[in-house]
Amino acid sequence: MLRTGAKRPNSSPNRTQSRLMTIVTRFAPSPTGFLHIGGARTALFNWLYSRRHSGVFRLRIEDTDRQRSTPAAIEAIIEGLQWLGLNWDDEIVYQFARAERHAEVAKHLLAQGRAYHCYASPEELEEMREQQRAAGKPIRYDGRWRDKPATDRRPNVPPVIRIKAPQTGETIIHDKVQGDVRFGNDVLDDFILLRSDGTPTYMLSVVVDDFDMGVTHIIRGDDHLTNAARQRQIIDAMGWPIPTYAHLPLMHGEDGQKLSKRHGALGIHEYKDLGYLPEAMRNYLLRLGWSHGDDEIITTEQAIAWFNLENIGRSPARVDFKKLDNVNGHYMRQASDEALADATLPLFKGNGGPDLRAKLIAAMPGLKERAKTLVELADGAQFLIAKRPLPIDDKAQKLLSPEGRSILARLIPIFEQTPWESAALDGAVRNFAEHNGLKLGAVAQPLRAALTGRSTSPGIFDVLVVLGKAESLGRLADQTKS
RNA sequence: GCGCCCUUCGUCUAUCGGUUAGGACUCAAGAUUUUCAAUCUUGCAAGAGGGGUUCGACUCCCCUAGGGCGCGCCA
């Protein structure tokens, strides 16, 4: 065993767990839609596990469903992974391109007597299931062609190839997350390996591809747990090594229901558009189902050093945008002003002129601790690019009362005489407030309203400095004239 | 229907038989403050229910309830 101290029972002598063998993980999405948050977490765990063990992380596109697979979805998945920083090794494997090899395995099994032809029509099988349902019996292929002699074959009907699975005994999946999961072989039926048109089914393709790609650890969604027992039949029939499994509990929406567009099953690119940082997404996703004591903020470097399969939880987790916001806020505050400016710049879509980046960087210390996402950051920075006369929101309007305006009017001549840097401006305003028997806030708030059009902003002296003397005085003048 | 999985504060989780059941998010209060944040402090809040096993169960076993997944010539 490579891992020691595993708390879940696992005594299987897998040779894939040999210390000498390079660990190979894979992420195998089917391109029938975008990469959603559950898939992203699966990819993350696979990536982390391979990086933790200096192994290999591979990407396989399961595009064998020709009806539903689209190039756009493939594109979205690739872009999503790239944005998340989950770089894969080697070339991408496209499953459909390997159909011949899959068929070859099915035929090999047939030749070995581990599989057989079945001529039952879809209609016939549907009728069979209907009867099983009506009789309250388990729904599964009844093996009607399992033992028929070759002479019984129907000449004008192309057959499917079905696995000849064991009918007694049990199949045990030693799962790193779920523990030992046992399936009576009587509940496993002779599923189809090769369709009547000669194309392989998913069940066959996965097993063959995982073997050919040298996958040692299969980390995937819980929905595949029962499939693992079926896939095991193919693995055994071929005499291939059994990979180590880790089936992750599925993720739920904020309301505990299945993930759907309403609550969290957004494409991963939409999280980007919402203004989340990839490193924050990684941290957040990691903590959904995996833990390291009480640690919450876990950098990617730490995650790579610490990640294991043993600490993956067994119960489903819900997405929680409040927590994501909080984690994202942490990473924003820790990010460099330059990096944040670069990440935020695109949100202005070219507005703001060539010196916007410099202004953003200058204002960033005050901006970044007031925002939880890049979108909020850009919003808070609107005053940097606003054109005079500024739009003034309701709360700011209230601050610009007659008294407020009068204060601004008296401030202008003072500012004209003041060196334009933070400490001097600070001194001048405090001095002014003191001489007029005003609290600092009574002066700062109207100033803020006139300068930013809002009632909240970064520190007012920083705003003054970032805006510059001419622009600042202009904005103040706009509010004192009318 | 059959099989499998899951169940600790509202949410994410710690706990590997003995703890005042801990942390984080959210929320509330306070401190700080030129606003809002950030930061710090404090508070609210949990072992689905029922049986066992044990000197002692959140932890081990069984049952029930609830939730999820699978049962395609889909993946």
Side-chain angles (χ1 to χ4, degrees), chain A residues 5 7 28-30 32 62-65 67-69 95 118 120-122 125-126 129 132-141 158-160 162 173 175 177-179 181-184 186-189 191-197 199 201-203 205-206 221-227 229-230 247 249-250 252 254 256-258 284 287-297 311 313-320 322-327 329 333 366-372 380 395 399 426 429-430 433 439-445 447-449 452 454-461:
Chain A
K7 67 179 167 188
S30 54
T32 53
E62 306 209 325
D63 55 352
T64 52
D65 185 337
Q67 305 303 319
R68 298 192 296 151
S69 296
Q95 193 161 62
C118 167
S121 68
L125 293 173
E126 190 39 55
R129 288 187 204 101
Q132 290 169 336
R133 252 188 293 271
K137 287 202 268 196
I139 297 162
R140 61 182 70 107
Y141 177 70
V160 299
R162 310 188 86 114
I173 300 300
D175 193 278
V177 174
Q178 311 291 346
V181 184
R182 323 170 87 93
F183 298 89
D186 52 332
V187 307
L188 266 27
D189 65 358
F191 57 90
I192 295 173
L193 299 175
L194 206 65
R195 300 186 186 101
S196 53
D197 65 0
T199 60
T201 60
Y202 162 79
M203 215 60 80
S205 299
V206 183
D222 219 349
D223 49 342
H224 289 288
L225 184 55
T226 50
N227 286 338
R230 292 196 174 78
H247 286 94
L250 266 18
H252 290 169
E254 270 188 310
Q257 296 305 113
K258 270 206 285 188
Y284 176 71
R287 285 288 292 106
L288 234 42
W290 183 84
S291 60
H292 187 264
D294 285 341
D295 293 314
E296 293 290 345
I297 298 299
N311 289 318
R314 275 174 295 198
S315 52
R318 303 181 183 198
V319 296
D320 178 358
K322 290 276 178 51
K323 180 117 178 201
L324 210 207
D325 280 348
N326 179 273
V327 173
R333 271 170 260 133
L367 249 23
K368 68 183 177 187
E369 61 182 30
R370 290 174 173 75
K372 297 230 186 311
K395 285 181 185 170
L399 259 13
D426 188 322
V429 172
R430 282 176 201 278
K439 283 184 164 180
L440 186 51
V443 182
Q445 282 304 84
L447 211 42
R448 188 184 319 278
T452 68
R454 310 262 181 108
S455 59
T456 74
S457 82
I460 199 63
F461 305 113

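All chains are named by letter (A, B, ...) in the order of the sequence lines, taking the proteins before the strands, and each is independently numbered beginning at 1.
- Of all nucleotides present, only B/U64 satisfies the Watson-Crick or G-U wobble test against B/A48, with each distance under 3.5 Å.
- Taking atom C1' on both B/G51 and B/A65, the two are 14 Å apart, rounded to the nearest angstrom.
- A donor N or O paired with an acceptor N or O is found under 3.5 Å between the base of B/C36 and the side-chain atoms of A/R370.
- With a 3.5 Å ceiling on both atom-pair distances, B/U20 lacks any Watson-Crick or G-U wobble partner.
- Taken to the nearest 0.5 Å, the CD atom of A/Q95 stands 4.5 Å off from the OG1 atom of A/T64.
- Side-chain atoms of A/I460 lie closest to B/U34 of the nucleotides B/U26, B/G23, B/U34.
- Comparing B/G23, B/C4, B/C73 by their nearest atom to the side chain of A/V181 picks out B/C4.
- In the interface, the side chain of A/D294 is paired with the base of B/G22 through a donor and an acceptor atom under 3.5 Å apart.
- B/C9 makes up no base pair with any nucleotide shown, lacking Watson-Crick or G-U wobble contacts both under 3.5 Å.
- When heavy atoms are screened at a 4.0 angstrom cut-off, A/P458 is found touching base atoms of the nucleic acid.
- Across all strands shown, B/C36 forms no Watson-Crick or G-U wobble pair with both key distances under 3.5 Å.
- When the P atom is used for both B/A75 and B/C16, the distance is 45 Å, rounded to whole Å.
- Annotation: B/C58 and B/G47 have their C1' atoms spaced 5 Å apart (nearest Å).
- Looking at heavy-atom distances under 4.0 Å, A/D295 makes no contact with the nucleic acid at all.
- You won't find any donor-acceptor pair under 3.5 Å spanning the side chain of A/K368 and the base of B/A38, going by distance alone.
- Using a 4.0 Å heavy-atom criterion, one finds that A/R133 contacts no nucleic acid atom at all.
- Among the nucleotides B/A75, B/U7, B/G1, the one closest to any side-chain atom of A/E62 is B/A75.
- Between atom CE of residue A/M203 and atom CZ of residue A/R230 there is a gap of 5.5 Å, rounded to the nearest 0.5 Å.
- Considering only the side chain of A/L250, B/G68 comes nearest among B/G23, B/G68, B/A75.
- For the pair A/P158 and A/R430, both in contact range of RNA chain B, the more 5′-proximal nearest nucleotide belongs to A/R430.
- A/P249 comes within contact range of no nucleotide atom at all, as no heavy-atom separation falls under 4.0 Å.
- Closest to the A/V160 side chain, of the nucleotides B/G23, B/C5, B/C73, is B/C73.
- A donor and an acceptor atom sit less than 3.5 Å apart, one in the side chain of A/R448 and one in the base of B/U34.
- No side-chain donor from either of A/R129 and A/Q132 sits under 3.5 Å from a side-chain acceptor of the other.
- Taking the C1' atom of each, B/U53 and B/G68 are spaced 30 Å apart, rounded to whole Å.
- Rounding to whole angstrom units, CZ of residue A/R140 and C1' of B/C4 are separated by 12 Å.
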Could you walk me through whether A/R140 and A/V187 pass the side-chain contact (heavy atoms from CB on, under 4.5 Å) check? CA-CA 8 Å; A/R140 61 182 70 107; A/V187 307; 3.5 Å; yes
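- When both pairing distances are held under 3.5 Å, B/U41 makes a Watson-Crick or G-U pair with B/A29.
- On a pure distance criterion of 3.5 Å, a polar donor-acceptor pair joins the side chain of A/S196 and the base of B/C73.
- The nucleotide whose nearest atom lies closest to any side-chain atom of A/F183 is, among B/U13, B/A75, B/G3, B/G3.
- Among the atoms of the strands shown, base atoms are found under 4.0 Å from some heavy atom of A/F461.
- In a base pair of the Watson-Crick type (N1 to N3 plus N6-O4 or O6-N4) or a G-U wobble (N1-O2 and O6-N3), with each distance short of 3.5 Å, B/C58 is matched with no nucleotide.
- A residue-by-residue look at A/K137 and A/W290 shows that A/K137 has its nearest nucleotide of RNA chain B further toward the 5' end.
- A straight line from CD of A/E369 to C1' of B/C40 spans 14 Å, rounded to a whole angstrom.
- Residue A/A317 has its side chain nearest to B/C12 when only B/G23, B/C12, B/G70 are considered.
- Here the C1' atom of nucleotide B/C73 and the CZ atom of A/R162 are 8 Å apart, to the nearest Å.
- Atom CG in A/D295 sits 8.0 Å away from atom CH2 in A/W290 (nearest 0.5 Å).
- In this structure, A/R162 forms no cation-pi arrangement with A/F191, as its terminal cationic atom is not both closer than 6.0 Å to the ring centre and no more than 45° off the ring axis.
- Between the side chains of A/D175 and A/H247, at least one donor N or O lies within less than 3.5 Å of an accepting N or O.
- Within the nucleic acid shown, A/T199 has no heavy atom closer than 4.0 Å to any nucleic acid atom.
- We find that CD of A/E296 is positioned 12 Å from P of B/G23, with the value rounded to whole Å.
- Across all strands, A/A120 comes closer than 4.0 Å to base atoms (heavy-atom distances).
- The nucleotide whose nearest atom lies closest to any side-chain atom of A/H252 is, among B/A75, B/U7, B/G67, B/G67.
- Backbone-only engagement by A/G289 is indicated by non-hydrogen atom pairs under 4.0 Å involving sugar-phosphate atoms exclusively.
- The interatomic distance linking A/Q67 (CD) with B/C73 (C1') rounds to 13 Å, in whole Å.
- In the set B/U13, B/A37, B/A75, the nucleotide with an atom closest to the side chain of A/N227 is B/A75.
- One finds a salt bridge joining A/D65 and A/R68 here, because a Lys/Arg side-chain nitrogen approaches an Asp/Glu carboxylate oxygen to under 4.0 Å.
- Comparing B/A57 with B/U15, their C1' atoms sit 13 Å apart, to the nearest whole Å.
- Under the Watson-Crick and G-U wobble criteria, each requiring two contacts below 3.5 Å, nucleotide B/G70 is paired to B/C2.
- On the P atoms, B/C25 is 25 Å away from B/U7, given to the nearest whole Å.
- For the C1' atom pair drawn from B/G10 and B/A46, the interatomic distance equals 10 Å after rounding to whole Å.
- With rounding to whole Å, A/D186 atom CG is found 18 Å from B/C71 atom P.
- In this structure, A/K322 atom NZ and B/A24 atom P are separated by 18 Å, rounded to whole Å.
- Residue contacts shown for A/S457 include a base, since a base heavy atom lies under 4.0 Å away.
- Taking every side-chain heavy atom of A/Q178 into account, B/C6 is the closest of B/C6, B/A38, B/A75.
- The distance between atom CD1 of A/I192 and atom C1' of B/A75, rounded to the nearest whole Å, is 14 Å.
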